[in-house]
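Only this structure's heavy atoms are used, side chains among them; waters, hydrogens and symmetry mates stay out. Owing to the predicted nature of the structure, the values given are computational and were not obtained by experimental measurement.
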Amino acid sequence: MARRTHIDMPSHKSRLVALVLCVAGGYLGLHYFYVRRYWRGAANLFLLLGLVIASRVFGLRYFYIFRDPTVDALVHWREIVAVACAAILGVTWILDIVFLLKGRFRDYRRCVLR
């Protein structure tokens, strides 16, 4: 008889709760904090902070571009940061929802959620 490792055993965390947290607060990384994957949750918060800071600066600049047509509308590094952060957050959020729906999302011990 083969020995079961901790990877083969189901997690103590609920897949439904993680899915609700992912849909409701995926950009905040709430589902990562729920399954005790703190570094991934912190990375989500860091990316969200970068997005908010870059988009606030970009938003104010964008507003002034429309008020003053003489301002050159070249892409600025802040816009690149905002788009990159939003793209990374969006793709990982969608992938996490798919993994949770398929039952392939894992907790901090690499166990599949029940």
Side-chain angles (χ1 to χ4, degrees):
M1 185 166 133
R3 244 180 81 197
R4 290 180 62 167
T5 62
H6 71 280
I7 294 175
D8 298 328
M9 290 191 254
S11 174
H12 297 291
K13 303 291 182 175
S14 169
R15 186 171 67 165
L16 181 63
V17 172
L19 181 63
V20 169
L21 287 173
C22 183
V23 170
Y27 278 83
L28 295 171
L30 297 179
H31 57 295
Y32 287 123
F33 289 112
Y34 173 69
V35 296
R36 297 175 63 184
R37 292 172 66 184
Y38 300 120
W39 286 107
R40 281 293 297 265
N44 266 27
L45 287 175
F46 180 73
L47 284 170
L48 184 64
L49 180 66
L51 172 64
V52 167
I53 290 171
S55 64
R56 293 295 285 168
V57 172
F58 168 62
L60 293 175
R61 185 172 176 271
Y62 189 68
F63 179 71
Y64 288 123
I65 287 172
F66 280 113
R67 294 194 84 194
D68 186 9
T70 61
V71 176
D72 191 12
L74 292 175
V75 175
H76 200 267
W77 68 270
R78 292 180 205 105
E79 292 118 18
I80 295 171
V81 169
V83 168
C85 290
I88 292 169
L89 282 171
V91 168
T92 57
W93 181 60
I94 291 170
L95 286 175
D96 289 342
I97 290 173
V98 169
F99 284 158
L100 281 163
L101 288 173
K102 285 188 163 188
R104 296 180 57 201
F105 196 79
R106 296 180 179 271
D107 68 357
Y108 72 104
R109 294 180 303 155
R110 312 300 292 160
C111 297
V112 178
L113 302 182
R114 59 174 170 87

Under the side chain to side chain contact (heavy atoms under 4.5 Å, CB included) rule, collect the residues that match up with Arg15, sequence neighbours excluded. Leu100, Leu113
Can you get from Val52 to Val83 by hopping between Ile, Leu, Val, Met, Phe, Trp and Tyr side chains that sit under 4.5 Å apart? no
Spell out, yes or no, whether Ile94 and Leu51 are grouped together once hydrophobic residues are joined by side-chain heavy atoms under 4.5 Å, including indirect joins. yes
If every non-hydrogen atom of Gly26 is compared with every non-hydrogen atom of Asn44, which pair is closest and at what distance? O-ND2, 3.0 Å
4.5 Å side-chain heavy-atom contact, His12 and Arg109: yes
Using a 4.5 Å side-chain heavy-atom cut-off and chaining through intermediate ILVMFWY residues, the residues clustered with Val91 come out as Leu95
Say you draw a straight line from CZ of Arg37 to CZ of Arg106; how long is it, rounded to the nearest 0.5 Å? 10.0 Å
Please name all residues satisfying side chain to side chain contact (heavy atoms under 4.5 Å, CB included) with Leu49, sequence neighbours left out, ordered by chain then number. Ile53
If you compare all heavy atoms of Cys111 against all heavy atoms of Pro10, which two are closest, and at what distance to 0.1 Å? CB-C, 4.2 Å
Would you kindly confirm whether Val20 and Val98 end up in one hydrophobic cluster when ILVMFWY residues are joined by side chain heavy atoms under 4.5 Å apart? no
Can you tell me how far the CG atom of Leu19 sits from the CD1 atom of Ile97, to the nearest 0.5 Å? 7.0 Å
Provide the full list of ring pair (Phe, Tyr, Trp, His ring centres under 6.0 Å) pairs with a residue in residues 33-52, sequence neighbours left out, each pair given once. none
Are Phe99 and Val23 grouped together when hydrophobic residues (ILVMFWY) are joined by side-chain heavy atoms under 4.5 angstrom apart? yes
List in chain and number order the residues that pass ring pair (Phe, Tyr, Trp, His ring centres under 6.0 Å) with Tyr32, two or more places apart in sequence or in another chain; answer none if no residue qualifies. Phe105
Do Tyr27 and Val17 belong to the same hydrophobic cluster, where Ile, Leu, Val, Met, Phe, Trp and Tyr are linked whenever their side-chain heavy atoms lie under 4.5 Å apart, directly or via other members? yes
Partners of Leu47 by side chain to side chain contact (heavy atoms under 4.5 Å, CB included), sequence neighbours excluded? Cys85, Ile88, Leu89
Tell me whether Asp107 contacts the main-chain N or O of Arg36 through its side chain, where contact means a donor paired with an acceptor under 3.5 Å. no
Distance, nearest 0.5 Å, that separates NZ of Lys13 from CG of Leu21: 10.0 Å
